[in-house]
Amino acid sequence: MNIGVFASGRGSNFQAILDAIHQRVLTARVSLLMSNKSDAGALEIARAHHIPAVHLSQKQFPDEPSFTAAMAQLLKEHDVQIIALAGYLKKIPVSVVREYRNRILNIHPALLPSFGGHGMYGHFVHEAVIASGVKISGATVHLVDEEYDRGPIVLQKAVAVEKDDTPEMLAARVLLVEHEIFSLALKAFAENRVSIKERSVWIQ
Ligand code: GRF
């Protein structure tokens, strides 16, 4: 299974996917790493692993359709079968969502549908979780549809919110779980163990 990873940041989730492949937990190949940020750490990780590392951003194009066409072409060129959004902060064009229906996975650092949606990313999530007084948080892998963080949930794992947690402490605890469940979800897709009925997704 060829995975196309999209990332905007340092790429620890991308690295965790590569680790799972190297440890033979996940039988797959990352055929493309794409980032909208030319200085993303994820691009460096891809280069170090001789994985095609492409900077592709709306800013490089005169309009949305030409950007979307370039993204679609890139996915085709690298024979991407499943897209993993590993800290990718841009919306996926609707035409790509449709082309890859039920084949785009996103990792979110909270237990959706709580603490999700526009603007809920990175430290903003953990600040909101702590401010709300909830006693558990965690990570969610979900299918990507046309709405931010709204797609059907594939896997979740909870962590405790501790009394004196700072957003950074909570983020670090959640990140470990992100790394764990993202690879498990991709493994299930690679092994064809995912059943999808409308909004209900279950791993056998
Ligand atoms: C992670 O917290 C992920 O949940 C969110 O963005 C962050 C990406 O971190 N979508 P990294 O670049 O994978 O380290």
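No hydrogens, no waters, no symmetry mates; every other heavy atom, side chains included, goes into these values. FYI, the numbering just counts along the sequence from 1. Read the numbers this way: they start at 1 and go in the same order the structure lists the ligands and their atoms.
One side chain, S12 or H179, offers a donor N or O that lies under 3.5 Å from an acceptor on the other.
From L186, atom CG reaches atom CG of L26 across 6.0 Å, with rounding to the nearest 0.5 Å.
Atoms of ligand 1 lying under 4.0 Å from any heavy atom of P109, numbered from 1 in the order shown and given with element: 4 (O). With ligand atoms numbered from 1 in the order given, ligand 1 contributes 4 (O), 10 (N) to contacts under 4.0 Å with heavy atoms of I107. Each of the atoms 1 (C), 2 (O), 3 (C), 4 (O) of ligand 1 lies under 4.0 Å from some heavy atom of E178.
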Yes or no on salt bridge (Lys or Arg N to Asp or Glu O under 4.0 Å) for E146 and R101, after CA distance, side-chain angles and deciding distance? CA-CA 10 Å; E146 289 82 351; R101 178 73 63 193; 2.8 Å; yes
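Among protein heavy atoms, the minimum distance from atom 11 (P) of ligand 1 is reached at S12 N, 3.4 Å. Of all protein heavy atoms, the one lying nearest to atom 9 (O) of ligand 1 is R10 NH2, 3.5 Å. With hydrogens left out, the protein atom closest to atom 8 (C) of ligand 1 is G87 CA, 3.6 Å, a heavy atom.
Backbone and side-chain nitrogen or oxygen atoms of N13 are examined, and one is located within less than 3.5 angstrom of a nitrogen or oxygen of ligand 1. Note: an N/O pair closer than 3.5 Å links G11 and ligand 1 by distance alone.
In this structure, I51 and F14 have side chains that are in contact, with non-hydrogen atoms separated by less than 4.5 Å. Contact of the F6 side chain with the L75 side chain is registered, since non-hydrogen atoms from C-beta on lie closer than 4.5 Å.
Under a 3.5 Å cut-off, the side chain of T140 and the backbone N or O of A110 do form a donor-acceptor pair.
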